[in-house]
Amino acid sequence: MSEIGGVITAMATPFEPGGAVDEAAARRLAAHLVEHGSHGVVVAGSTGEAATLDDGEHISLLRAVVAEIGERATVICGTGTNDTRHSIELTRAAAEAGAVAALVVTPYYNKPNKAGIRAHFEAIAAAVPELPLIAYNIPSRVVVNVPPGDLAELAEIDSVVAVKQANNDELGPIEGLDVLAGNDDAFLPTLEFGGAGGILVASHVAGERMRAIWDAAQAGDLARAREIDSGLHGFYDVLGVTNPIPLKAALEMTGLIPSGGLRLPLVEADAGQRAAVRAALEAVGVSVVP
């Protein structure tokens, strides 16, 4: 199994102008990410607009990315939904398509209690025991928060090996699980307490610097890691506004994808947002194509 850690980019899903998934652009983007600092990627997560991909698109996109980078990087697939049966189907399909792990978000909208959340993960793990699972705690999107103690209990399930922690207020070690930062500004704090890395957004365009943060932290040079990180916080803030709208604008502006289009109900960045993204890119020295 590939190691799950380091700089993992929550990869955006490029779309063609007509709205179809642009797999060729996705392959190019995945290769670029690995060549510019990423240890791996997450396909079809929140940033990848999984909510508006059908199952066929979801798994076809995964196969394309695995074919492009699977031999040299970690490829994780988002498979969590608010329907346990559907999550099992996606997780099984992801395993067959070559994912090395599945990112499973807390079920949204249904608002399950602690017992329901545990049963959800147990059912997925039992159905696809060969695939490691990464729990995804993101209360800002799913309403339900899974406290650290409850996450530690999920570690009792053999294949639940890590958590993407997107609740900065509860960031810290969790017994039995590798902790991955779920927000860019939590990446360095996670490394400081010995966490495994982060599933990140800014690494699309600042990947080499985020890899330098990782490398410095692993070498014990936290002063250098903090210096690099401090220069990126304004960029983190701009990209975090209704992700992935500003990210898609940034990728288009930098020529990393041909179109910054999104699927409804998400819409493209307006003129004000694009100006903010352009300024943020320029502030961190990223070139914008004319």
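None of these values were measured; they are calculated from a predicted model.
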### Message
Testing the basics here: between Ser159 and Ala125, what is the closest heavy-atom pair and its distance to 0.1 Å?
### Response
OG-CB, 3.2 Å
### Query
Which residues, ordered by chain and number, are linked to Ile174 in its hydrophobic cluster, where ILVMFWY side chains connect at heavy-atom gaps below 4.5 Å, directly or through other members?
Ile88, Val104, Ile117, Phe121, Ile124, Leu133, Val144, Val146, Leu151, Leu154, Ile157, Val160, Val163, Leu171, Leu177, Val179, Phe193
#### Entry: Candidate pair Ser87 and Thr81, rule side chain to side chain donor-acceptor pair (under 3.5 Å), full reasoning
CA-CA 5 Å; Ser87 300; Thr81 74; 2.9 Å; yes
### Query
Are Ser60 and Glu23 linked by a side-chain donor-acceptor pair shorter than 3.5 Å?
yes
### Query
Judged by atom type as modelled, is there a donor-acceptor pair below 3.5 Å linking the side chain of Asn113 to the main-chain atoms of Gly116?
yes
### Message
As an exercise, state the distance from CD1 of Ile257 to NE2 of His204, rounded to the nearest 0.5 Å.
### Response
8.5 Å
### Task
Give the minimum heavy-atom separation between Leu239 and Ala250, together with the two atoms involved.
CD2-CB, 4.4 Å
Enumerate, atom names and distances included, each donor-acceptor pair closer than 3.5 Å involving a side-chain atom of residues 262-275, sequence neighbours excluded.
{"residue": "Arg263", "atom": "NE", "partner": "Gly19", "partner atom": "O", "Å": "3.2"}
{"residue": "Arg263", "atom": "NH1", "partner": "Thr52", "partner atom": "O", "Å": "2.7"}
{"residue": "Arg263", "atom": "NH1", "partner": "Glu57", "partner atom": "OE1", "Å": "2.9"}
{"residue": "Arg263", "atom": "NH1", "partner": "Glu57", "partner atom": "OE2", "Å": "3.4"}
{"residue": "Arg263", "atom": "NH2", "partner": "Gly19", "partner atom": "O", "Å": "2.9"}
{"residue": "Arg263", "atom": "NH2", "partner": "Glu57", "partner atom": "OE2", "Å": "2.7"}
{"residue": "Asp270", "atom": "OD1", "partner": "Gly272", "partner atom": "N", "Å": "3.1"}
{"residue": "Asp270", "atom": "OD1", "partner": "Gln273", "partner atom": "N", "Å": "2.8"}
{"residue": "Gln273", "atom": "OE1", "partner": "Asp270", "partner atom": "N", "Å": "2.8"}
{"residue": "Arg274", "atom": "NH1", "partner": "Glu252", "partner atom": "OE1", "Å": "3.4"}

### Message
When you group the ILVMFWY residues by side-chain heavy-atom contacts below 4.5 Å and let the links chain together, are Val142 and Tyr109 in the same group?
### Response
yes
### Query
Would you call Arg63-Glu68 a salt bridge at under 4.0 Å N-O?
no
### Task
Treat each ILVMFWY residue as a node, draw an edge where side-chain heavy atoms are under 4.5 Å apart, and state whether Leu247 and Leu232 are in one component.
yes
### Query
Does any N or O in the side chain of Asp184 come within less than 3.5 Å of the main-chain N or O of Val201, such that one atom is a donor and the other an acceptor?
yes
Residues 4-11, side-chain donor-acceptor partners within the protein, below 3.5 Å, at least two apart:
{"residue": "Thr9", "atom": "OG1", "partner": "Ser38", "partner atom": "OG", "Å": "2.6"}
{"residue": "Thr9", "atom": "OG1", "partner": "Ser203", "partner atom": "OG", "Å": "2.7"}

### Query
So, Glu96 and Arg92, do they make that salt bridge, N to O below 4.0 Å?
no
### Query
Within the side chain of Glu16, is there an N or O that forms a donor-acceptor pair under 3.5 Å with the backbone of Gly18?
no
### Message
If you define the side chain from C-beta out and look only at heavy atoms, does anything of Ile76 sit under 4.5 Å from Ile134?
### Response
yes
### Message
Let me confirm one number: the OH-OG1 distance from Tyr136 to Thr106, rounded to the nearest 0.5 Å.
### Response
9.5 Å
### Residues which pass ring-ring contact (aromatic ring centres under 6.0 Å, His included) with His36, listed by chain and number, not counting sequence neighbours
His32
### Task
Sort and list the pairs that fulfil salt bridge (Lys or Arg N to Asp or Glu O under 4.0 Å) and have at least one residue in residues 37-54, not counting sequence neighbours.
Glu49-Lys248
### Query
Among side-chain atoms of Glu170 and Asn145, is any donor-acceptor pair under 3.5 angstrom?
yes
### Message
Less than 4.5 Å apart, side chain to side chain, heavy atoms only: is that true for Tyr108 and Val143?
### Response
no
### Task
Mind running side-chain contact (heavy atoms from CB on, under 4.5 Å) on Val205 and Met210 for me, showing each step along the way?
CA-CA 10 Å; Val205 288; Met210 300 194 85; over 6 Å; no
### Query
Going only through I, L, V, M, F, W and Y residues with side-chain contacts under 4.5 Å, is there a path from Val43 to Leu131?
no
### Query
Side-chain heavy atoms under 4.5 angstrom apart, residues restricted to Ile, Leu, Val, Met, Phe, Trp, Tyr: same cluster for Val286 and Val288?
yes
### Task
Please report the C-alpha distance between Glu35 and Arg72 in whole Å, then the side-chain angles of each, then the deciding distance to 0.1 Å, and finally whether the salt bridge (charged side-chain N to carboxylate O under 4.0 Å, His left out) criterion is met.
CA-CA 10 Å; Glu35 291 160 7; Arg72 53 192 169 122; 3.7 Å; yes
### Task
Could you walk me through whether Leu191 and Trp214 pass side-chain contact (heavy atoms from CB on, under 4.5 Å), step by step?
CA-CA 8 Å; Leu191 299 182; Trp214 164 264; 3.6 Å; yes
### Query
Do the side chain of Asn183 and the main chain of Asp185 share a donor and acceptor less than 3.5 angstrom apart?
no
## Note on the structure
ring-ring contact (aromatic ring centres under 6.0 Å, His included) filter on His86, not counting sequence neighbours, yields none
### Leu90 CG to Cys77 SG distance, which is reported to the nearest 0.5 Å
7.0 Å
### Task
Keeping the roles fixed (side chain from Asn110, backbone from Pro112), state whether a donor-acceptor pair exists under 3.5 Å.
no
## Note on the structure
Closest heavy-atom pair, Leu61 versus Ala26, reported as atoms and distance to 0.1 Å, is CD1-CB, 3.6 Å
### Query
Are Asp22 and Pro258 close enough that some pair of their side-chain heavy atoms sits under 4.5 Å apart?
yes
### Query
In terms of side-chain geometry, is the basic nitrogen of Lys114 or Glu153 positioned less than 4.0 Å from the acidic oxygen of its partner?
yes
### Query
Phe15, Ile245: one ILVMFWY side-chain cluster at the under-4.5 Å cut-off?
no
### Message
Do Val21 and Thr13 make a side-chain contact, defined as non-hydrogen atoms from C-beta onward lying under 4.5 Å apart?
### Response
yes
### Summary
Of all heavy-atom pairs linking Thr190 and Ala196, the shortest is CG2-N, 4.5 Å
### Message
One thing to verify: whether Arg224 and Glu227 come together as a salt bridge, which I'm taking to mean a side-chain N less than 4.0 angstrom from a carboxylate O.
### Response
yes
### Message
Measuring from atom NZ of Lys164 to atom CG of Asn137, what distance do you get when rounded to the nearest 0.5 angstrom?
### Response
11.0 Å
### Nearest-0.5 Å distance that lies between atom CG in Leu180 and atom CD1 in Ile199
5.0 Å
### Query
Is there a side-chain contact between Leu62 and Val75, using heavy atoms and a 4.5 Å cut-off?
yes
### Message
Are more than 12 heavy atoms, taken from residues, nucleotides or ligands other than Glu71, located less than 6.0 Å from that residue's CD atom?
### Response
no
### Query
With a cut-off of 6.0 Å (strictly less than), are more than 12 heavy atoms of other residues, nucleotides or ligands near CG of Asp55?
yes
### Task
Rounded to the nearest 0.5 Å, what's the gap from CG on Asn243 to OG1 on Thr47? Could you check?
4.0 Å
### Query
Shortest non-hydrogen contact from Ala95 to Val128?
CB-CG1, 4.0 Å
### Task
List the atom of Val65, the atom of Ala30, and the distance in Å for their closest heavy-atom pair.
CG1-CB, 4.0 Å
### Criterion side chain to side chain donor-acceptor pair (under 3.5 Å) on Glu3 and Thr74, from CA distance to verdict
CA-CA 7 Å; Glu3 184 174 346; Thr74 301; over 6 Å; no
### Query
If we ignore angles and hydrogens, is there a donor and acceptor under 3.5 Å between the side chains of His233 and Asp229?
yes
